[in-house]
*Asks:* 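Below you'll find the structure I mean.
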Amino acid sequence: MSAAPVELRLLPDSAKVDESGGLEIGGLPVAELAERFGTPLFVYDEAHLRARCAEAVAAFGPGVSYASKAFWCLAMARLVVEEGMSVDVSTGGELHVALAAGVPPERITLHGNNKSDDELTRALTAGVGRIVVDSFDEIDRIERLVPMLGSAPPAVLLRVTPGIEAHTHEYVRTGQNDSKFGFTLSTGLAERAVGMAAASPAMDLIGIHVHIGSQVFVADFFRDAVSTIADFFASVGLHELSIGGGIGVAYVADEHAPTITEWADAVHAAATASGLGAHITAEPGRSIAAAAAVTLYRVGTIKELPGLRTYVSVDGGMSDNPRPVLYGSGYEAFLAREVLAPRPRTVRIVGKHCESGDVIVPDAQLPEDVAVGDLLVTPVTGAYGHSMASNYNKVPRPAVVFVSGGVAREVVRRETLDDLLRLDVDG
Ligand code: LLP
């Protein structure tokens with residue numbers, strides 16, 4: 001185990017160490033943010049988010065969509081649209097937030113492997129820009145709904161599974177043949193779906209969509225996906241190819257990931273090498289939001305078990321970050337008051353939930369003097385953290401603040417205890 005301080009490259013772009021050694025983001029000491037907004041707290045560097053959106057638009061062009069599942073709220077929706085991105089929503093709920101935020105419907109793409117009549121109806125009546133069709137049942141459903149609603153035939157992409165096994169956790173791998181998503185290329189289902197969609201007056205088939213998985217570190221997998229799909233794509237004579245999302249980000253010291261620009265370059269080079277004249281677009285989520293945020297926790301108890309280990313308990317846990325439990329994902333941790341301090345002490349950082357699996361970092365390195373009351377920081381929590389948060393053990397979900405130029409604005413308030421009762425009908 002290395003006792004080195006946290007690597008600053010894992011922190012949001014505007015992160016700085018102030019003269020007393022403490023962490024500052026967006027020009028504000030995080031200790032102040034914790035005092036003002038409480039803990040646990042998600043702190044997003046707004047400039048970082050904007051810079052990644054701008055990078056995506058520069059790399060892929062204006063049709064590039066932000067995958068809202070990574071982190072979604074009204075403020076985020078407005079930010080991504082201001083930066084020129086479109087938006088990918090995968091449920092009626094994400095669509096609802098997009099529309100409530102005023103995202104122009106033509107900039108919304110609706111995804112999902114099991115879109116309900118209600119979800120499709122909302123998308124069709126709002127006039128979303130694209131629907132990514134995932135099954136034969138969905139083709140039937142659109143053919144039934146479009147004439148019934150009298151809506152314009154939607155522009156449609158067909159989701160195709162190319163048979164690529166990207167190296168990532170099996171729960172977030174989606175390009176392999178054995179998948180609940182899309183139409184498989186190798187079995188001929190993709191070809192049959194193209195025939196049906198192209199012949200249907202209820203939809204305007206404009207392209208193909210391929211998403212091989214998430215947290216994929218190697219741009220080569222995207223290159224393979226493009227070259228695997230190339231012949232099929234050329235044979236169907238369509239204009240648009242979406243490569244989905246999935247480029248990985250570094251969470252811990254030994255991880256390195258390509259930038260959004262490097263990812264786009266690899267995809268474009270593969271398209272050129274395969275002679276594809278398509279308009280190529282993409283749907284990054286994690287690479288926009290993950291490294292933009294940190295979570296602040298307060299240390300509540302430190303339990304030293306002689307000869308075994310030390311447990312450091314914080315005031316959140318698997319309810320605000322289920323990724324370690326779900327995928328075995330690694331995180332770094334450090335103290336907000338001494339960012340550059342060596343971290344020689346190996347401890348287990350755990351949450352406040354009533355199960356032993358509630359672990360945030362199984363073998364964390366912290367400074368020797370970690371104490372009750374310390375403010376602990378876990379970086380790279382901006383994607384699939386707040387969006388996957390739950391109320392397990394009736395723990396209220398944390399607030400989210402955006403910081404920029406020395407100003408903090410709360411964009412999602414902390415849940416209150418009364419919020420925990422708001423759905424109960426048995427008053
Ligand atoms: N497009 C489609 C069709 C997707 O299914 C996804 C992610 C994305 C784009 C965005 O992928 P990204 O750029 O964020 O990798 N909860 C998991 C990740 C699940 C990803 C699901 N789909 C996690 O915490 O790692």
Side-chain angles (χ1 to χ4, degrees), residues 1-25 28-35 39-43 45 217 248-257 290-291 293-318 320-325 327-353 355-382 385:
M1 286 288 167
S2 155
V6 66
E7 289 182 17
L8 299 181
R9 72 180 174 99
L10 297 173
L11 304 187
D13 289 352
S14 74
K16 284 203 175 60
V17 181
D18 65 21
E19 35 326 329
S20 69
L23 178 65
E24 225 181 75
I25 300 178
L28 290 170
V30 298
E32 249 178 64
L33 297 171
E35 285 302 325
T39 54
L41 184 68
F42 287 97
V43 179
D45 173 2
F217 279 130
V249 306
Y251 284 81
V252 292
D254 56 356
E255 288 178 344
H256 294 274
V294 304
T295 305
L296 306 179
Y297 297 105
R298 192 69 68 182
V299 173
T301 64
I302 298 179
K303 199 172 281 181
E304 290 181 41
L305 308 186
L308 286 170
R309 73 171 80 247
T310 298
Y311 284 91
V312 173
S313 301
V314 297
D315 52 358
M318 63 195 287
D320 60 75
N321 187 359
R323 300 192 68 260
V325 184
Y327 318 116
S329 306
Y331 285 86
E332 297 276 346
F334 60 96
L335 298 183
R337 64 176 159 83
E338 44 182 0
V339 181
L340 299 176
R343 297 176 299 166
R345 191 159 173 198
T346 306
V347 302
R348 178 158 293 178
I349 299 175
V350 297
K352 63 184 281 118
H353 294 278
E355 55 183 281
S356 301
D358 175 27
V359 173
I360 298 175
V361 190
D363 293 300
Q365 295 299 122
L366 286 182
E368 205 58 71
D369 63 348
V370 55
V372 168
D374 262 334
L375 195 58
L376 188 116
V377 186
T378 52
V380 203
T381 55

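Values below: all heavy atoms of this structure, side chains included; hydrogens, waters and symmetry mates excluded. Nothing here was measured: the structure is a model prediction, and the numbers come from that model.
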*Asks:* For a quick test of reading the model, state the closest non-hydrogen atom pair linking R9 to V252 and the distance between them.
*Replies:* NH2-O, 3.6 Å

*Asks:* Report the distance from atom CG of L296 to atom CD1 of I25, rounding to the nearest 0.5 Å.
*Replies:* 7.0 Å

*Asks:* Does a side-chain heavy-atom distance below 4.5 Å link T346 with Q365?
*Replies:* yes

*Asks:* With heavy-atom distances below 4.5 Å as the criterion, would you say the side chains of L8 and L340 are in contact?
*Replies:* yes

*Asks:* Under 4.5 Å between any side-chain heavy atoms of L305 and K303, yes or no?
*Replies:* yes

*Asks:* What is the distance from atom CD1 of I302 to atom OG1 of T310, rounded to the nearest 0.5 Å?
*Replies:* 8.5 Å

*Asks:* Could you walk me through whether N321 and T378 pass the side-chain contact (heavy atoms from CB on, under 4.5 Å) check?
*Replies:* CA-CA 10 Å; N321 187 359; T378 52; 5.5 Å; no

*Asks:* To the closest 0.5 Å, what do you measure between CD (E304) and CZ (R345)?
*Replies:* 4.5 Å

*Asks:* Among L33, V30, D320, L375, find the residue that satisfies the side-chain contact (heavy atoms from CB on, under 4.5 Å) test when tested with L41.
*Replies:* L33

*Asks:* How close do P40 and G316 get, heavy atom to heavy atom, and via which atoms?
*Replies:* CG-CA, 3.7 Å

*Asks:* Pick from L10, L11, L376: which one makes a side-chain contact (heavy atoms from CB on, under 4.5 Å) with F334?
*Replies:* L11

*Asks:* Taking all non-hydrogen atoms of both residues, which atom of A257 and which atom of A250 are closest, and how far apart?
*Replies:* CB-N, 4.0 Å

*Asks:* Kindly compute the distance separating CG (D45) from CG (L28), expressed to the nearest 0.5 Å.
*Replies:* 10.5 Å

*Asks:* Which residues pass the side chain to side chain donor-acceptor pair (under 3.5 Å) test with E35, sequence neighbours left out?
*Replies:* none

*Asks:* Any side-chain heavy atom of I360 sitting closer than 4.5 Å to one from T295?
*Replies:* no

*Asks:* Any donor and acceptor pair, going by atom type alone, linking the side chain of D358 with main-chain N or O of H353 inside 3.5 Å?
*Replies:* yes

*Asks:* We want to know whether T39 and R298 form a side-chain donor-acceptor pair, criterion being a heavy-atom distance below 3.5 angstrom.
*Replies:* no

*Asks:* Run the salt bridge (charged side-chain N to carboxylate O under 4.0 Å, His left out) test against E332 and tell me which residues pass, sequence neighbours left out.
*Replies:* R343

*Asks:* If I compare all heavy atoms of V6 with all of V339, which pair ends up nearest, and what's the gap?
*Replies:* CG1-O, 3.9 Å

*Asks:* What heavy-atom pair brings R337 and V370 nearest, and what distance separates the two atoms?
*Replies:* NH2-CA, 4.2 Å

*Asks:* Are any non-hydrogen side-chain atoms of Y297 and I349 less than 4.5 angstrom apart?
*Replies:* no

*Asks:* Using the side-chain contact (heavy atoms from CB on, under 4.5 Å) rule, pick out the option among V361, T301, V359 that qualifies with V350.
*Replies:* V359

*Asks:* I need the minimum non-hydrogen distance between A290 and V249, along with the two atoms involved.
*Replies:* CB-CG2, 3.8 Å

*Asks:* Go through R309 and D363 one step at a time and tell me if the side-chain contact (heavy atoms from CB on, under 4.5 Å) criterion holds.
*Replies:* CA-CA 10 Å; R309 73 171 80 247; D363 293 300; 3.8 Å; yes

